[in-house]
Every structure is written in C-alpha cells, then in structure tokens.
Undergrad: 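Let me give you the structure first, and then I'll get to my questions.
As the structure lists them, so they are numbered: ligands from 1, and atoms in each ligand from 1. Since the model is a prediction, treat every value here as computed from it, not as a measurement. Note that these values count all heavy atoms, side chains included, but never hydrogens, waters or copies made by symmetry.
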Amino acid sequence: DISAGGRTPLLIDTDPGVDDALALLMAFDAPQYDVVALTIAAGNVGLLHTVANALKLCEVAGMDIPVHAGCDAPLLHPAPDASYVHGRDGFGDIGYPPASRQAEAEHAALAIIRLSHVHAGRLAVCMLGPLTNLAVALKLDHTLPQRIGRMVVMGGAVTGQGNTTPTAEFNIGFDPEAAHLVFEAFAAADRLVEVADWEAVIRHGMLHADVERWLQAEHPRARFYDAISRKTREWSAGLRGDRWHAADALAMALVVAPQHARRLERRPLRVELTGTETRGMTVVDWGRRSGRPDHAELLMDYDQAAFEGLIRRALRVE
Ligand code: BDR
Ligand code: CA
C-alpha cells in the first residue's frame, strides 16, 4: 500500500540508543518508505537524552522529520536503563553539539493516533524501544490496531534467553505492562505483530573487523556513527567476542526489506508480568497448547549478506 509519492508512511518509535541510530539511518534510505515521524521513548537512557539524540541524528542525516517526545518512564514500575551499553547520554558520550531543531509540542502517543488516521490502513509502525508510548495510545483509542498496516517490534526472547535478566529482553523487560497491553490489543483486533527478538539478533551478528572497516568511510554518517558506537562496540567485543549485534537494525531490515527474511514462524505470544524469575519474558506457545491464535510472526532467519548490505548503505560505505 502506498502514500503520496508512491511510498508507504512509516512511524518509528525509538529510544536512541546506538543500534536505534543505525536502524533509523536504514529507514531514511528506504526508497519505498516515507518516515513520517519519530516518537520517542525512555529506555536505553532518559527521555531528554533520547529526544536530543533523535534530533541530532536527523540533523546529521539531513532529514527534517518531526520528533515527538513520549512517556518518560514505564507505565507502572521504574526500571534500570541501559546506559552501561549505550553511554550515559545514549550516544557514546562523545559530547556532540545539540541539534538546532526542537521536538514537536504534540505528545508521542497523540502523534501515533493522529498519524494512524491520516494514513489509515497504510501506516507501518516500527517499535525499537520499550512499548510505553504505543500502550498509552492504545488506551486512548482501542481502534488503533485496525488502522495500522504493519506492526514490527524489536523485542523479546522467544525461547526465554534474555539479555537483561536470564529470561527478559530489554525492551519488553523495561516495561512489561506496556508490552502486555500491546500484544493483547493486537491479538484482540486479530492483527499480526511481527517480532525481531533478541535471539534472532544473536544469530545475525556482524564481524567487528568488518564493522571497523566500514566505519572508516569518509561520509558524515559513517564519521558520526563511528564516534557514537565506539564505546559500545568495545564493550560488546569484550563480552560477546567476534561479532557485534545491532538489534534494532535487524528489525528495520525486516521492515524495509522483508523479502530477505528466510524463515518466519507464527505463534501465540504473551508477556509474563508476575513471575519471580520471569517478569518481562515473552512466552511463545511453540507447541500451540493454549488454543490462542498465532498473532505473532517471529523472525527466525534473515539473509545475512542482505542485512549487512543495508547497513553498509546506511553508513555510505564505498
Ligand atoms: C534492545 O534494547 C536496547 O538496548 C536496544 O536499543 C534494542 O532496542 C535490544 O534488547
Ligand atoms: Ca532501542
């Protein structure tokens, strides 16, 4: 489905975040998509930083996309951020000069609802952070899922191998109540949620040596990305070895180039809220024992060469 100029409108909810930044650069490039707004969550770091980072990235990329600040905390329970991964400011603490543009006055949740009307039935939504803003939007308007053309979420760990607690992945574990509301609302509306989970991310790592070579490119995008990602790449190399993992970039690859997905599985998925060890876990009903509908489409395998090609293009390598 297409919008003005033959492109599909795309709204990205994000908490930049080093891997969010790479995903955003990929989205800005996608010829078949028109990024109509960035709605900003708290998550990797606090909202003031994630908003500032989104505005800065737009400036670096020369993109004049409206940026809407959203909720500054999870719905119910406070949660630790991921500044140990992304830097205290979420962009590697390089001390960049702030962007000259400001965020819009309209709240992220209201922007999601408004744009779902403007582009009813066509709007693609990609969630790269905790699901707080979308959960609030769904509480304000339960008819929202019907107007969304495609919903893609980076989050969860589909066999329970998390990255924050043993079982929870960061985006879901940061605000499990929000994630629960989102998955239940889409299931109730009989709408599919596409999921790129942390375990898929682990299967699609890039060699640090390759990434370092790409990041020598001259283009301002590569220079900026090299700087903001340096600390987290060093941290990751010490922890996970040869390969670097850009979670949100994999979700965005699924959005902009779904033809390179090699295996997808549909299953029921629910979010655990009360477990003593498992709060924030995405419980996938692999054996279909619950009788619930298969409302989550899980990315299992994506063409690695195609994924890396999208990343190189986003960084203007060559
Ligand atoms: C997710 O958590 C965040 O730290 C990343 O930006 C990504 O969205 C990966 O678990
Ligand atoms: Ca993110």
Undergrad: Taking it one step at a time, do Asn171 and Trp198 satisfy side chain to side chain contact (heavy atoms under 4.5 Å, CB included)?
TA: CA-CA 10 Å; Asn171 288 341; Trp198 175 253; over 6 Å; no
Undergrad: Between atom CZ of Arg262 and atom OH of Tyr302, what is the distance when rounded to the nearest 0.5 Å?
TA: 10.5 Å
Undergrad: Taking the side chain as C-beta and beyond, is there a heavy-atom pair between Met127 and Leu131 under 4.5 Å?
TA: yes
Undergrad: If we ignore angles and hydrogens, is there a donor and acceptor under 3.5 Å between the side chains of Gln216 and Glu212?
TA: no
Undergrad: Leu144 and Leu134: side chain to side chain contact (heavy atoms under 4.5 Å, CB included), yes or no, with the steps?
TA: CA-CA 10 Å; Leu144 177 62; Leu134 181 57; 3.9 Å; yes
Undergrad: State, yes or no, whether a side-chain contact exists between Leu75 and Leu181 at a heavy-atom distance under 4.5 Å.
TA: yes
Undergrad: What side-chain donor-acceptor pairs closer than 3.5 Å can you find for residues 245-255, not counting sequence neighbours?
TA:
from: Asp248; atom 1: OD2; to: Asp20; atom 2: N; distance (Å): 3.3

Undergrad: Strictly under 3.0 Å of the Ca ion (ligand 2): which protein N/O/S atoms qualify?
TA: Asp15 OD1, Asp20 OD1, Asp20 OD2, Leu128 O, Asp248 OD2
Undergrad: Any side-chain heavy atom of Arg150 sitting closer than 4.5 Å to one from Glu194?
TA: yes
Undergrad: As a test of reading the model: which N/O atoms of the protein lie under 3.5 Å from N/O atoms of ligand 1, and at what distance?
TA:
from: ligand 1; atom 1: 4 (O); to: Asn44; atom 2: OD1; distance (Å): 2.5
from: ligand 1; atom 1: 4 (O); to: His86; atom 2: NE2; distance (Å): 3.1
from: ligand 1; atom 1: 6 (O); to: Asp19; atom 2: OD1; distance (Å): 2.6
from: ligand 1; atom 1: 6 (O); to: Asp19; atom 2: OD2; distance (Å): 3.3
from: ligand 1; atom 1: 6 (O); to: Asp20; atom 2: OD1; distance (Å): 3.0
from: ligand 1; atom 1: 6 (O); to: Asn44; atom 2: ND2; distance (Å): 3.0
from: ligand 1; atom 1: 6 (O); to: Asp248; atom 2: OD2; distance (Å): 3.1
from: ligand 1; atom 1: 8 (O); to: Leu128; atom 2: O; distance (Å): 2.9
from: ligand 1; atom 1: 8 (O); to: Asn171; atom 2: ND2; distance (Å): 3.0
from: ligand 1; atom 1: 8 (O); to: Asp248; atom 2: OD1; distance (Å): 2.6
from: ligand 1; atom 1: 8 (O); to: Asp248; atom 2: OD2; distance (Å): 3.0
from: ligand 1; atom 1: 10 (O); to: Asn163; atom 2: ND2; distance (Å): 2.9
from: ligand 1; atom 1: 10 (O); to: Glu169; atom 2: OE2; distance (Å): 2.4

Undergrad: Ala237: which residues meet the side chain to side chain contact (heavy atoms under 4.5 Å, CB included) condition with it, sequence neighbours left out?
TA: His208
